[in-house]
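Okay, so here's the structure we're looking at.
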Protein chains: 2
Amino acid sequence: MSNSRVNVRWVAEQAGVSPATVSRVSRGSAQVSPELRERVMRVIEEHGYRPNHFGRALAEKRHGSLGLVFPGLSGPYFSELIQGFESEALETGDQVLLLSSHYRSDTDAKVLDLAGRVDGMAIHAGTVSEAMIERVSQTIRVVVMAHKAGPAHASVSTDSGTVGTLTRHLLVEHGYRRLAFVGTPEGSPDVTARWEAFLAAHAETGARPPAGPTLVGLAQADGAIAAQKLLDSEEEPPDAVVCANDETALGLILGALGRGMRVPEDIAVTGFDDMPMAALVQPGLTTVRQPVRELATVTARLLHAPLTQRDGDTLLTTDVVLRGSCGCPDRPSGETGRDATAGGDS
Amino acid sequence: MSNSRVNVRWVAEQAGVSPATVSRVSRGSAQVSPELRERVMRVIEEHGYRPNHFGRALAEKRHGSLGLVFPGLSGPYFSELIQGFESEALETGDQVLLLSSHYRSDTDAKVLDLAGRVDGMAIHAGTVSEAMIERVSQTIRVVVMAHKAGPAHASVSTDSGTVGTLTRHLLVEHGYRRLAFVGTPEGSPDVTARWEAFLAAHAETGARPPAGPTLVGLAQADGAIAAQKLLDSEEEPPDAVVCANDETALGLILGALGRGMRVPEDIAVTGFDDMPMAALVQPGLTTVRQPVRELATVTARLLHAPLTQRDGDTLLTTDVVLRGSCGCPDRPSGETGRDATAGGDS
DNA sequence: TTGTACGCGTTATCAA
DNA sequence: TTGATAACGCGTACAA
């Protein structure tokens, strides 16, 4: 605990004023005469007095903190998410309490615990049950991230439909015929939405989708695993792969290149996120740009200022970013850019 | 705030007992007769009573939380760090408060803020000034991560000297002659230690080191940038590159492959961390294995149980992991493994 | 075993 | 403008 001796009463005594005055000075809440103010400030600085957090919170009925619950996946996506949230929270003077569910069974208890220590809670899709979200919502403000929650809850999500646009691009513009989808819909509402958009594009264009998604996680290493599954199998490999995120796409490209295959000539690959690395690979990674940081900051703002926006979903737009990995002409980064052949190889 | 009506007094009234008894029941601190216990539990469950965090903390003089301060870099290293710390803290019932300094100027103020809300604080190397660490140490327990702090402070670090072993391996076993080092020592004590070990190995073997490190960050994209700097330059490119971490190494490999170069035949690459992806690339990434998760969990344990270990550094061992990217024979993952030529191309 | 009374540190209210 | 007093919710000596 902090300096236990130095509290309001003690400072007040030293300065020869009342505790109330010390409080007023320390938080600048009301007018105090210059003399007293000076006397108090001197004592405060001399002894490094800082108001005790509990006392203040108890009196103000306010924590000054926000909670962030996420599944515990690693990678740039969550890093960006956490940092965006954290930096926005710090902007308004709120501290951030972190809880990664990590697929544990006692997550619910931890969430309730957390709910008692924060003013608002951001919950990433796929981490907490609907029932628990409902329950927590009744005591503090909750915003669901990356998933369009029901109209009763506030949520911020990004448009997954763009995966459909991208899939149509592969099918129609490039003429690929055997597409694969890398990612696991179950337990992840955002991956589910992307998979559904992928299927919908097939249905619209009359193309035949794969029997099911290639089930791997969202880390780069999972992309390498997907490469094993798709390329080392006895079945005919796909001519284009839509990955649930950039990380797996990069892992897949790495796997393909390592096997002596060419991208996109032998196999086209697309991602989702448009993380910095996507523009730096050669060939550049065709992907869907998602405003991850905005997703985080908007969520934090919604939590801090509950007045501005009531419940309902805030949908952030996403865009297709065409680069070389789908077969489109690549804009070389640096002088060594290769010419990517436009059009498919069907 | 939580259900403001439902507090100890109210529950006590409902159950027809005293507040003290409710407290005893809710935390199982003392013996209570079965009947009263039953009555109280009924009311607690029926109305979902949860002890207010502030009241409890104020009375117990204890926060039940740990702080984690880190620079704000993204990538697998910090993800693993955060998660390891968080999972260990949850094990002991502590909540985690996050603060990413993000190279801001007002970090010191935020750190002091944080110090008033946690029982202990883990500070990653390169985030907070010595003076501030000293100051915070006087009020709560502090552990410095990834940097051997002075004997006055507790710290947990991993052995960077192994980079010297790896460098000697490149120079002596493989006979590489023009090594490069990718990473920015300044502001990052752990990168500094690796750079120094790299230099020491050159001195010991009489080899001539590069004029200076290739200054880029620690993200994968920085590896791609390093590839531009090293491979697109007019100067003769290095025949081996020691990267400050695996991420930049992978970015560099990606850049080299994208330029039509072969790894390790045209250029050897090594990393640091041994993240999952390192074993999955082809060729496999030669690197130094660092127990990142242990770094985090040991730190958390040190903070939670200040009794076990007093000040001083806890050094975790690291190991060289030889794979194909340095020129050693690679163990193929899957059937498509390529034969890597052992020995250098000097 | 149970209840009473006080302390934890701060802010808000109200009276001066 | 300032000060006294009452909350805020809980844990815990101490007394019964």
Side-chain angles (χ1 to χ4, degrees), chain A residues 1-41 43-44 47-65 93 113 115-119 139-140, chain B residues 1-41 43-44 47-65 93 113 115-117 119 139:
Chain A
M1 285 286 301
S2 47
N3 256 332
S4 47
R5 305 259 162 218
V6 187
N7 56 22
V8 231
R9 261 184 293 279
W10 189 85
V11 171
E13 247 177 67
Q14 297 292 313
V17 297
S18 76
T21 299
V22 174
S23 175
R24 287 190 264 259
V25 170
S26 91
R27 44 194 305 274
S29 60
Q31 295 297 332
V32 179
S33 73
E35 305 123 284
L36 286 196
R37 184 183 164 70
E38 177 61 25
R39 285 227 300 272
V40 172
M41 281 302 279
V43 179
I44 286 182
H47 298 278
Y49 164 73
R50 311 207 94 216
N52 176 287
H53 176 65
F54 298 136
R56 169 168 290 186
L58 200 52
E60 285 181 341
K61 290 174 163 274
R62 159 166 195 289
H63 299 259
S65 62
D113 240 46
R117 318 186 64 165
V118 296
D119 300 316
T139 151
I140 60 176
Chain B
M1 284 285 302
S2 47
N3 255 329
S4 47
R5 305 259 161 219
V6 186
N7 56 22
V8 231
R9 263 182 293 278
W10 188 85
V11 172
E13 247 175 67
Q14 298 292 313
V17 298
S18 75
T21 300
V22 173
S23 173
R24 287 189 264 259
V25 169
S26 90
R27 46 193 308 273
S29 60
Q31 294 297 331
V32 178
S33 74
E35 304 123 284
L36 286 196
R37 184 184 164 70
E38 177 61 24
R39 285 225 303 271
V40 172
M41 281 302 280
V43 179
I44 286 182
H47 299 276
Y49 164 73
R50 312 208 93 217
N52 176 287
H53 175 66
F54 298 136
R56 169 168 289 185
L58 201 52
E60 286 181 339
K61 289 173 162 275
R62 163 167 191 288
H63 299 258
S65 62
D113 239 46
R117 309 177 130 227
D119 301 314
T139 151

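Every value quoted in this text rests on a predicted model; they were computed, and no experiment measured them. Letters A, B, ... are given to chains in the order of the sequence lines, protein chains preceding strands, and every chain is numbered from 1.
Neither OP1 nor OP2 of D:dC10 sits under 4.0 Å from any side-chain N or O of B:S23. Not one side-chain nitrogen or oxygen of B:K61 sits closer than 4.0 Å to the OP1 or OP2 atom of C:dG7. Between A:S33 and D:dT2 there is a side-chain polar atom (N or O) within less than 4.0 angstrom of OP1 or OP2. Applying the 4.0 Å criterion to OP1 and OP2 of C:dG9, one finds that A:R56 has every side-chain N and O outside that range. Contact check, B:N52 against D:dG9: no side-chain N or O comes under 4.0 Å of OP1 or OP2.
Annotation: of the two residues near DNA chain D, A:T21 and B:P51, the 5′-most nearest-nucleotide partner is A:T21.
D:dT2 atom C1' lies 12 Å from atom CD of A:E35, rounded to whole Å. Protein atom CZ of A:F54 is 15 Å distant from nucleotide atom P of C:dC8, rounded to whole Å. Nucleotide C:dC8 holds its P atom 7 Å from the CZ atom of A:R9, rounded to whole Å. We find that NE2 of B:H63 is positioned 12 Å from C1' of C:dG9, with the value rounded to whole Å. Per the geometry, CH2 belonging to B:W10 stands 12 Å off P belonging to D:dC10, to the nearest Å. One can place NE2 of A:H53 at 14 Å from C1' of C:dC8, the figure rounded to the nearest angstrom. Whole-Å rounding puts the B:R24 CZ to D:dC14 P distance at 14 Å.
Within 4.0 Å of B:V32, counting heavy atoms only, lie sugar-phosphate atoms of the nucleic acid but no base atom. Note on A:R27: only backbone sugar-phosphate atoms sit closer than 4.0 angstrom, heavy atoms only; bases stay farther off.
The minimum heavy-atom distance linking A:V22 with A:V40 is given by the pair CA-CG1, 4.2 Å.
Candidate nucleotides D:dG9, C:dG3, C:dT2 were compared by shortest atom distance to the side chain of B:A20, and C:dG3 ranks first. Listed nucleotides: C:dC8, C:dT10, D:dG3. Nearest to the side chain of B:L58: C:dC8.
B:S65 places a side-chain N or O within donor-acceptor distance of the main-chain N or O of B:R117, the cut-off being under 3.5 Å. Remark: side-chain polar atoms of A:R62 are not paired, donor with acceptor, to backbone N or O of A:A57 under 3.5 angstrom. Counting only distance, with no hydrogens or angles, the side chain of A:H53 and the backbone of B:G116 share no donor-acceptor pair below 3.5 Å.
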